[in-house]
Number of protein chains: 2
Amino acid sequence: MTVSELTASAQDYLKMIWSSTEWAEAPITVGAMAERMALKPSTVSDGIRRLAKQGLVTHAPYGSIELTPAGRAHAVEMVRRHRLLETFLVQVLGYGWDEVHDEAEILEHAVSDTMIQRIDEKLGHPTRDPHGDPIPSGNGLPHRPQGDPLTSVEPERTVTITRISDADPDMLRYFTQLGLGPDTRLQVLAHRPYADVTTIRVGDRDVDLGPSAAEAIWVVAN
Amino acid sequence: MTVSELTASAQDYLKMIWSSTEWAEAPITVGAMAERMALKPSTVSDGIRRLAKQGLVTHAPYGSIELTPAGRAHAVEMVRRHRLLETFLVQVLGYGWDEVHDEAEILEHAVSDTMIQRIDEKLGHPTRDPHGDPIPSGNGLPHRPQGDPLTSVEPERTVTITRISDADPDMLRYFTQLGLGPDTRLQVLAHRPYADVTTIRVGDRDVDLGPSAAEAIWVVAN
DNA sequence: CATGAATGTTAGACTGGCCTAACAAAACTG
DNA sequence: CAGTTTTGTTAGGCCAGTCTAACATTCATG
Ligand SMILES: [Mn+2]
Ligand SMILES: [Mn+2]
Ligand SMILES: [Mn+2]
Ligand SMILES: [Mn+2]
């Protein structure tokens with residue numbers, strides 16, 4: 001029943017499927033998974049077939065990919081591991097928020113349940129990782145995240161950042177330069193649709209963000 | 001050149017070969033490796049062949065197994081990782097010395113060079129692990145251990161423990177009960193050869209140790 | 001020193017995980 | 001709605017790592 005009976009690869013597939021529904025609606029496709037995991041579609045197709053055989057996902061050929069309850073439990077556990085480890089690396093080992101994702105991507109498969117528990121205790125049961133993402137609790141219930149992409153906020157609104165996608169370390173370093181992180185307040189000045197640029201005011205500074213940056217930032221009104 | 005180009009299995013084989021010469025003389029055999037790694041001899045034989053193909057060991061069929069300089073460098077690096085991680089788990093996460101070996105056996109393959117470096121810095125460049133074993137330095141030079149098995153000490157001598165084999169967690173818990181650990185002073189009272197019992201005095205208490213316990217403890221005169 | 005026991009190697013099978021190439025299905029689009 | 005493009009699956013190959021079973025070599029002892 002514990003996650004560590006699965007191969008690292010299976011753990012990553014499940015985590016990816018689950019994550020695809022955390023901040024977006026559309027169910028994930030084989031092609032998108034292959035893209036995001038830097039694998040070939042044939043490899044993913046095969047992997048999904050193995051997961052289905054283990055009862056962790058349901059999948060009819062050419063059909064949609066859905067986690068079973070067992071698959072979802074494993075996936076949430078992996079997300080918990082990943083985010084606790086990221087938090088640990090920042091808090092205890094002095095990593096920057098742009099350095100932790102790749103390290104956690106490996107460690108999440110290697111640490112024992114015991115170690116996760118001790119990390120959780122040492123950190124005082126944190127609820128958000130360094131990128132603002134919610135850390136699911138030990139009993140598998142996610143702390144429900146909130147927010148919407150910066151691109152969907154009406155101009156003139158002042159908002160607070162809830163999370164920033166941890167996918168691109170370079171982008172995170174750029175955000176650090178700008179003083180943008182979880183809980184940063186900012187004002188949306190304008191969206192320029194055909195230029196695909198969002199202008200924000202953070203502190204006393206006006207900044208233009210391209211679409212990939214603006215989509216990586218999620219905010220709530222305040 | 002870094003250790004992480006190797007599979008976890010290759011890393012473990014190299015570490016085992018190297019470790020077999022740290023505290024004992026005789027070169028390791030396929031059978032002994034299989035025994036200690038809980039594998040079949042045919043599996044190890046095959047693994048050694050792969051390592052030889054990569055230039056990490058020399059081995060003629062039915063002949064002895066020797067590390068090449070490259071193999072030795074990788075092996076020492078793995079020992080460094082293992083022992084630093086054990087120390088980290090005890091110092092930072094509050095593990096007991098009997099709990100760290102199995103955890104480190106996995107983590108050693110997963111942590112990055114960066115993480116090892118930060119752990120080393122956080123711990124202040126420790127030179128011995130929780131079992132008293134020397135931690136090779138970053139440049140690959142082992143801190144030369146010293147000592148001899150308790151079984152080889154003449155009666156009446158007072159000695160100090162330098163290291164205790166970390167192979168058996170149950171035995172470590174037993175030693176904890178007795179107050180035995182690295183740097184503990186004790187007096188050897190007698191060896192009873194046919195009973196295979198070594199009697200020691202530690203603090204104000206006399207204790208009989210069987211051969212497996214007495215061989216797990218290494219000491220220096222003082 | 002011959003022979004049986006102990007030790008080590010090879011052969012063949014299986015799994016997971018990846019790939020490329022060929023093929024099949026589904027989704028657009030004129 | 002037929003044809004084309006996109007997407008997904010299957011077939012076949014490869015490698016690492018494990019096993020069991022069969023075979024080869026070495027060692028030790030009578
Ligand atoms: Mn991962
Ligand atoms: Mn994160
Ligand atoms: Mn290991
Ligand atoms: Mn140790």
Side-chain angles (χ1 to χ4, degrees), chain A residues 3-17 20 24-67 70-71 74-75 78 105-106 108-110, chain B residues 3-17 20 24-67 70-71 74-75 78 105-106 108-110:
Chain A
V3 86
S4 32
E5 298 148 16
L6 270 41
T7 63
S9 160
Q11 290 172 344
D12 278 339
Y13 284 127
L14 293 174
K15 185 158 60 79
M16 170 89 6
I17 297 166
S20 75
E25 282 311 311
I28 195 155
T29 65
V30 167
M33 284 186 69
E35 172 81 29
R36 287 171 63 180
M37 301 176 81
L39 296 171
K40 298 299 169 181
S42 58
T43 301
V44 172
S45 186
D46 220 51
I48 297 296
R49 196 185 42 66
R50 276 196 305 274
L51 291 178
K53 200 163 59 183
Q54 294 171 82
L56 299 170
V57 302
T58 56
H59 177 58
Y62 301 99
S64 66
I65 300 164
E66 306 278 356
L67 292 171
H74 285 309
M78 289 312 298
E105 195 58 51
I106 307 294
E108 62 190 3
H109 310 292
Chain B
V3 86
S4 33
E5 297 147 17
L6 270 38
T7 63
S9 160
Q11 290 172 345
D12 277 339
Y13 284 128
L14 293 174
K15 185 158 61 77
M16 171 95 351
I17 297 166
S20 75
E25 281 313 308
I28 196 156
T29 65
V30 167
M33 284 185 68
E35 171 82 28
R36 288 171 63 180
M37 301 176 80
L39 297 170
K40 298 298 170 182
S42 58
T43 302
V44 172
S45 185
D46 220 49
I48 297 296
R49 196 183 44 63
R50 276 195 306 273
L51 291 179
K53 199 163 61 183
Q54 294 171 81
L56 299 170
V57 302
T58 56
H59 178 58
Y62 302 101
S64 67
I65 301 165
E66 306 276 356
L67 293 170
H74 285 309
M78 289 312 298
E105 195 59 51
I106 308 294
E108 62 189 3
H109 310 293

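In what follows, chains are A, B, ... by sequence order, proteins preceding strands, each numbered from 1. When reading the values below, keep in mind they use all heavy atoms of this one structure, side chains included, and skip hydrogens, waters and symmetry mates.
A distance of 10.5 Å separates CG in A:Leu51 from NE2 in A:His59, rounded to the nearest 0.5 Å. Note that the CG atom of B:Leu6 and the NE2 atom of B:His74 stand 5.0 Å from one another [nearest 0.5 Å].
For C:dT10, the OP1/OP2 oxygens have no side-chain nitrogen or oxygen of B:Tyr62 closer than 4.0 Å. One finds a side-chain N or O of B:Ser9 lying less than 4.0 angstrom from the OP1 or OP2 phosphate oxygen of D:dT18. Using a 4.0 Å cut-off, some side-chain N or O of A:Arg50 falls inside it from OP1 or OP2 of C:dG17. Here A:His59 does not reach the OP1 or OP2 of D:dG8: none of its side-chain N or O atoms lies under 4.0 Å away.
Sparse packing is recorded around CD of B:Glu35, with 12 or fewer heavy atoms of other residues, nucleotides or ligands lying under 6.0 Å away.
Note on B:Thr43: a base of the nucleic acid sits closer than 4.0 angstrom, heavy atoms only. Among the protein residues, B:Thr7 comes within range of the sugar-phosphate backbone only, with heavy atoms under 4.0 Å from sugar or phosphate atoms but none that close to a base.
Taking atom CG of B:Asp46 as the reference point, atom P of C:dA13 lies 15 Å away to the nearest angstrom. Atom CG in A:Leu39 sits about 14 Å away from atom P in D:dT9, given to the nearest Å. Atoms OH (A:Tyr13) and P (C:dG16) sit 12 Å apart, rounded to a whole Å. In this structure, the NZ atom of A:Lys40 is 16 Å from the P atom of D:dT9, given to the nearest Å. When the C1' atom of D:dT7 is taken as reference, atom CE of A:Met33 falls 15 Å away, rounded to whole Å. Residue B:Arg49 contributes atom CZ, which lies 11 Å from atom C1' of D:dA16 at whole-angstrom precision. Rounded to a whole Å, the CD1 atom of A:Ile48 is 14 Å from the C1' atom of C:dG17. Atom CG in B:Leu6 sits about 17 Å away from atom P in D:dC15, given to the nearest Å.
Residues A:Pro61 and A:Gln54 both approach DNA chain C. Their nearest nucleotides, taken by heavy-atom distance, put A:Gln54 toward the 5′ side.
Summarising the geometry of B:Ala75 relative to B:Leu67, their closest heavy-atom pair is CB-CD1, 4.3 Å, with the distance given to 0.1 Å. A:Leu39 and A:Tyr13 get closest at one heavy-atom pair: CD1-OH, 3.7 Å.
Remark: the B:Ser42 side chain and the D:dT20 base include a donor-acceptor N/O pair separated by less than 3.5 Å.
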